[in-house]
Chemist: 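Mind looking over this structure? Questions follow.
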There are 2 protein chains.
Amino acid sequence: MNISQAAAATGLTSKTIRFYEQQGVIPPAARSANGYRIYSEQQLEVLRFIKRSRDMGFSLEESRALFQLSQDPSRTSASVKQKAEQQIQRIDQQIESLQQMRAMLETAVSACRGDEQAECPILDQLNGVADEDSRLT
Amino acid sequence: MNISQAAAATGLTSKTIRFYEQQGVIPPAARSANGYRIYSEQQLEVLRFIKRSRDMGFSLEESRALFQLSQDPSRTSASVKQKAEQQIQRIDQQIESLQQMRAMLETAVSACRGDEQAECPILDQLNGVADEDSRLT
DNA sequence: GTTAGGGCTTCCAGTCACTGTAAGGTCAAC
DNA sequence: GTTGACCTTACAGTGACTGGAAGCCCTAAC
């Protein structure tokens, strides 16, 4: 199984797989006589693990560490759970930040007529104009 | 007003202000005799505009474009509104993606005892184990 | 007068996780 | 034998900063 097949089987790209190898996230792939990387089902599992971890928002380094943990029989589930809970907290912060952005935008957008005129509450908001019903008062 | 005062007055850092200038997001600051950048209240407004735009999640390039629009009397509010609506859509996509991550994590975390044992549903999920009540069955 | 400190300047490297591009080797099919 | 699709490496670029080095400038204290 060559790299593009491994890519198709894992949902990664060939480039990303090479990148992971170069970064030491995964062990170097074996090579066939022509120098092509070859992948076993076992290697695919490593790649899938990293992909799932990335899909949960863990960094590459954290993903690497999690994989190591998964290979370490002396690990404790507490140590894993802690990382996952931290990750949830980070995600919650990101969501909250995005929701704040969204609320600001939504307020501005709903006040904006979106016509051919120049007058625009969105730009007013960006300009720090304290609005409070700006038009025709 | 020198750069660190401008930074304090806008909520940016000196480094960020220099970066914005170097990137052409803001016009080059005037310089005093000793070569220090000096900022007028007018320049502060530009910086604040960019900061607010960034705080709404617009890219630096979009922020620059929005500022140009805000200076352009021939703009239409429709053109601004369109950008803002696109931005809301991007944010909604990000929020959705984060909520999916969160849901995966939450499922795994709530199944994990978090004790001194090695057994860990979180790692099982990363390993693609189809779980479905894995313990003691 | 000089020394210590803080702030200013420039420039370059590093972050994160890829992605793009170039130059070249390999392989199967026609 | 030549096309075209794959593979290889290596390096540059992305976005939005951040950190650090090396050196000027200014003030205040000794």
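From a predicted model like this one, the values you see are computed outputs, not experimental measurements. Values reported hereafter were calculated over all heavy atoms of this structure, with side chains retained and with hydrogens, waters and symmetry mates removed. Convention: sequence-line order gives letters A, B, ...; per-chain numbering from 1.
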Chemist: Between B:Ser4 and C:dC8, is there a side-chain N or O to OP1/OP2 distance below 4.0 Å?
Modeler: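 Checking B:Ser4 against C:dC8: at least one side-chain N or O falls below 4.0 Å of OP1 or OP2.
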
Chemist: Hey, does the side chain of A:Ser53 reach the backbone of A:Phe49 with a donor-acceptor pair shorter than 3.5 angstrom?
Modeler: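 No; zero donor-acceptor contacts below 3.5 Å.
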
Chemist: With rounding to the nearest 0.5 Å, note down the distance linking CD in B:Glu21 to CZ in B:Arg37.
Modeler: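 Between atom CD of B:Glu21 and atom CZ of B:Arg37 there are 4.5 Å.
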
Chemist: Reading DNA chain D 5' to 3', which nucleotide is the first, and which the last, to come under 4.0 Å of any heavy atom in chain B?
Modeler: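 The protein-touched segment is D:dA16 to D:dC26.
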
Chemist: From CG of B:Asn2 over to C1' of C:dG6, roughly how many Å is that when rounded to an integer?
Modeler: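 B:Asn2 atom CG is separated from C:dG6 atom C1' by 12 Å.
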
Chemist: How long is the gap from CD on A:Glu45 to CZ on A:Arg52, to the nearest 0.5 Å?
Modeler: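 Atom-to-atom, A:Glu45:CD and A:Arg52:CZ are 6.0 Å apart.
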
Chemist: Rounded to whole angstrom units, what separation is found between the CZ atom of B:Phe19 and the P atom of C:dC12?
Modeler: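 B:Phe19 atom CZ is separated from C:dC12 atom P by 16 Å.
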
Chemist: Look at the side chain of B:Arg75 and the backbone N and O of B:Ser70, then say whether any donor-acceptor pair between them is shorter than 3.5 Å.
Modeler: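 Judged by distance alone, yes, a pair lies under 3.5 Å.
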
Chemist: So do B:Leu60 and B:Phe19 actually touch side chain to side chain, heavy atoms under 4.5 Å?
Modeler: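 A side-chain contact exists here, since the closest heavy-atom pair is under 4.5 Å.
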
Chemist: If you find the nucleotide of DNA chain C closest to B:Gln5 and the one closest to A:Thr13, which residue's nucleotide is nearer the 5' end?
Modeler: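 Result: B:Gln5.
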
Chemist: What's the angle between the local helix axes at either end of the helix from C:dG1-D:dC30 to C:dC30-D:dG1, using five pairs per end and rounding to 10 degrees?
Modeler: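 One end's axis against the other's: 30°.
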
Chemist: Applying ring pair (Phe, Tyr, Trp, His ring centres under 6.0 Å), which residue pairs with at least one partner in residues 89-110 of chain B are found, sequence neighbours left out?
Modeler: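 Every candidate ring pair (Phe, Tyr, Trp, His ring centres under 6.0 Å) pair involving residues 89-110 of chain B fails, so no pair, neighbours aside, qualifies.
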
Chemist: Would you indicate what A:Arg18 reaches in the nucleic acid, counting non-hydrogen atoms under 4.0 angstrom: base, sugar-phosphate, or nothing?
Modeler: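 Base contact.
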
Chemist: Kindly say if B:Arg37 contacts the phosphate of C:dC8, meaning a side-chain N or O under 4.0 Å from OP1 or OP2.
Modeler: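 B:Arg37 to C:dC8 OP1/OP2: no side-chain N or O under 4.0 Å.
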
Chemist: Testing the basics here: between B:Ile91 and A:Leu98, what is the closest heavy-atom pair and its distance to 0.1 Å?
Modeler: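 Taking every non-hydrogen atom into account, CG2-O, 3.6 Å.
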
Chemist: For the backbone of B:Tyr36 and the side chain of B:Asn34, can you confirm whether one donor and one acceptor N or O come within less than 3.5 Å of each other?
Modeler: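 Such a contact is found between B:Asn34 side chain and B:Tyr36 backbone.
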
Chemist: Just the rounded figure in Å: distance from C1' of C:dA13 to CD of B:Gln22.
Modeler: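 Rounding to the nearest Å, CD of B:Gln22 and C1' of C:dA13 are 13 Å apart.
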
Chemist: If I take atom CD from residue A:Gln89 and atom CG from residue B:Leu105, how far apart are they, to the nearest 0.5 angstrom?
Modeler: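 Rounded to the nearest 0.5 Å, the CD-CG separation comes to 12.0 Å.
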
Chemist: What is the distance from CZ of A:Arg54 to C1' of C:dA17, rounded to the nearest Å?
Modeler: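 Checked: the CZ to C1' distance equals 6 Å.
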
Chemist: Name every residue in residues 82-96 of chain A that has at least one heavy atom under 4.0 Å from any atom of DNA chain D, in order of residue number, or write none if there are no such residues.
Modeler: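 Here the set is empty: none.
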
Chemist: Do side-chain atoms of B:Glu85 reach the backbone of A:Val109 as a donor and acceptor pair under 3.5 angstrom?
Modeler: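 Absent.
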
Chemist: Just by protein heavy atoms under 4.0 Å, how would nucleotides 20-30 of chain C read 5' to 3' in B, S and -?
Modeler: BB---BBS---

Chemist: Going by distance alone, is a donor N or O of one side chain under 3.5 Å from an acceptor N or O of the other, for A:Arg90 and A:Gln93?
Modeler: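 Side-chain D/A pair, A:Arg90 to A:Gln93: absent.
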
Chemist: Quick one, B:Thr76 with A:Asp115, criterion side chain to side chain contact (heavy atoms under 4.5 Å, CB included). Give me CA distance, side-chain angles, the key distance, then yes/no.
Modeler: CA-CA 6 Å; B:Thr76 65; A:Asp115 56 15; over 6 Å; no

Chemist: Give, ordered by number, those residues of residues 55-67 of chain B having at least one heavy-atom distance below 4.0 Å to an atom of DNA chain D; if nothing qualifies, reply none.
Modeler: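 When residues 55-67 of chain B is checked for heavy atoms under 4.0 Å from DNA chain D, the hits, listed by number, are B:Ser59, B:Leu60.
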
Chemist: For the atom pair CD (B:Glu119) and CZ (B:Arg113), what is the distance rounded to the nearest 0.5 Å?
Modeler: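 So the CD of B:Glu119 and the CZ of B:Arg113 are separated by 5.5 Å.
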
Chemist: Is the backbone of A:Gln68 close enough, under 3.5 Å, to the side chain of A:Asp72 for a donor and an acceptor to pair up by distance?
Modeler: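 Here the side-chain-to-backbone pair does not exist.
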
Chemist: Give the intermediate values and the outcome of side chain to side chain contact (heavy atoms under 4.5 Å, CB included) for residues A:Gln5 and A:Tyr39.
Modeler: CA-CA 9 Å; A:Gln5 291 170 317; A:Tyr39 294 88; over 6 Å; no

Chemist: Above 12 or not: heavy atoms from other molecules or residues under 6.0 Å from CD of B:Gln71?
Modeler: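 It does: B:Gln71 CD has more than 12 such atoms within range.
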
